[in-house]
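To keep things clear, I will list the structure first and then write my remarks on it.
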Amino acid sequence: MTLLTTWIDSEPQKAVLRTADPSEISAALSAIGVRYEQWPVSEDLPAGADSSTVLAAYGAEVDKLVAEEGFTTVDVVSLHPSDAPDWPDTAKAARERFLREHTHDDDDEVRFFVSGAGIFYLHVNGEVYAVYCEKGDLLGVARGTTHWFDMGTVPRVTACRLFHGEWGGLGNFTGSDIAGRFPDFDEIHAGYKGVAP
């Protein structure tokens, strides 16, 4: 279930909108130039599938988007709990890379969620939009949009990434501490079944 929560950027304790209705989510995000779609999910995709298996399962949808938007690079990223001794450090470092507000000037940020969940926080026109994405959700954040991303303290996510060129890094950080003032992934995930503000 996708969930959208919005706040005025100076009032993180008071949600303005909280909805799981796909049409409401699509309308709210479209108004700020963000692409949101729900793709049919591949139920027979095995847990822990490698990149080629994931891309084969969603080949038709990915190829259509590549043709429409001119993407030149498509890859798959995956981060799930592991028994490896360095897992806690890996998870913490991965989360912290994306948890600070930033922009991308050189490309859009387009993600299709194959499994797991993550939240894109978009800071646009004095409001913060938290888009909780799960399996089947595609989100396209236009270049220049101020945002951050949280996948929680125990990340569980596999996603296809699409780029117009080669991935060039994290982008331009604003220096703002805004991300620390809003409910994080763990807090939203813990209560995401009840959608009333």
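Below, each value reflects all heavy atoms present in this structure, side chains not excepted, and no hydrogens, waters or symmetry copies.
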To the nearest 0.5 Å, tell me how far I25 CD1 sits from S30 OG. 13.0 Å
Audit row: F112, W39, ring pair (Phe, Tyr, Trp, His ring centres under 6.0 Å) steps and yes/no: CA-CA 9 Å; F112 170 68; W39 288 0; 4.4 Å; yes
Report yes if the side chains of C160 and L55 come closer than 4.5 Å at any heavy-atom pair, otherwise no. yes
Say you draw a straight line from CZ of R18 to CG of L3; how long is it, rounded to the nearest 0.5 Å? 5.0 Å
State, yes or no, whether a side-chain contact exists between P22 and Q38 at a heavy-atom distance under 4.5 Å. yes
Walk me through whether T2 and E134 qualify under side-chain hydrogen bond (donor to acceptor under 3.5 Å, both in side chains). CA-CA 6 Å; T2 313; E134 292 190 307; over 6 Å; no
If hydrophobic clusters are built by linking Ile, Leu, Val, Met, Phe, Trp and Tyr wherever their side-chain heavy atoms come under 4.5 Å apart, do V77 and V154 end up in the same one? no
How far apart are the closest heavy atoms of A57 and L45, and which atoms are they? CB-CD1, 3.7 Å
Does R161 form a side chain to side chain contact (heavy atoms under 4.5 Å, CB included) with E109? I'd like the steps, not just the answer. CA-CA 8 Å; R161 305 184 302 177; E109 187 159 350; over 6 Å; no
Please name the pair of heavy atoms, one in H123 and one in W148, separated by the smallest distance, quoted to 0.1 Å. CB-CZ3, 4.4 Å
Side chains of T145 and V124 in contact at under 4.5 Å (non-hydrogen atoms): yes
Output for pair (T103 OG1, N172 CG), nearest 0.5 Å, gives 4.5 Å
When rounded to the nearest 0.5 Å, the distance separating CE of M151 from SG of C133 is 13.5 Å
What I want to find out is whether K64 reaches E69 closely enough, with some N-O distance under 4.0 Å, to be called a salt bridge. no
List the steps and the verdict of side chain to side chain contact (heavy atoms under 4.5 Å, CB included) for S176 and R100. CA-CA 8 Å; S176 172; R100 294 178 292 148; over 6 Å; no
Closest non-hydrogen contact found for P183 with I188 is O-CD1, 3.8 Å
Linking I/L/V/M/F/W/Y whenever any side-chain heavy atoms sit under 4.5 Å apart, do L138 and Y36 land together? no
Using a 4.5 Å cut-off on heavy atoms from C-beta on, say whether the side chain of P81 contacts that of R156. yes
Distance-only polar pair, side chains of D21 and S23, donor-acceptor under 3.5 Å: yes
Could you tell me whether D150 and R95 make a salt bridge, using a distance below 4.0 angstrom between a side-chain N and a carboxylate O? yes
Is a donor on one side and an acceptor on the other found under 3.5 Å between the side chain of D177 and the backbone of G180? no
F120 vs V141 side-chain heavy atoms within contact, under 4.5 Å: yes
Cluster check V76, V74: I/L/V/M/F/W/Y, side chain < 4.5 angstrom: yes
Can you check side chain to side chain contact (heavy atoms under 4.5 Å, CB included) on V131 and L122, steps first, answer last? CA-CA 8 Å; V131 189; L122 314 165; 4.1 Å; yes
Please round to the nearest 0.5 Å and tell me the distance separating atom CZ of F71 and atom CG of D107. 7.0 Å
Does D89 reach the main-chain N or O of D86 with its side chain, forming a donor-acceptor pair under 3.5 Å? no
Heavy-atom closest contact (I119 atom, A130 atom, distance): CG2-CB, 3.9 Å
Would you name the heavy atoms of T53 and P46 that are closest together and state the gap between them? CG2-CD, 4.5 Å
Closest non-hydrogen atom pair, E24 against T19: OE1-OG1, 2.8 Å
If you group Ile, Leu, Val, Met, Phe, Trp and Tyr by side-chain heavy-atom gaps below 4.5 Å, do V62 and F113 land in one group? no
4.5 Å side-chain heavy-atom contact, L79 and T90: yes
Which of these passes ring-ring contact (aromatic ring centres under 6.0 Å, His included) with F182: Y129, Y121, W7? W7
V41 with Y132, same ILVMFWY side-chain cluster at under 4.5 Å: no
With a 4.5 Å heavy-atom cut-off, do L139 and V110 have their side chains touching? no
Once the angle between the rings of F173 and H102 is folded into 0 to 90°, is it parallel (under 30°), tilted (30 to 60°) or perpendicular (over 60°)? tilted
Working to the nearest 0.5 Å, report the span between CG of L17 and OG1 of T5. 7.5 Å
Is the ring pair F98/F149 parallel, tilted or perpendicular, if the boundaries are 30 and 60 degrees? perpendicular
E101/R181 salt bridge by N-O under 4.0 Å criterion: no
Decide yes or no for E37 and S26: does some side-chain heavy atom of the first lie under 4.5 Å from some side-chain heavy atom of the second? no
CG (D105) with more than 12 external heavy atoms under 6.0 Å: yes
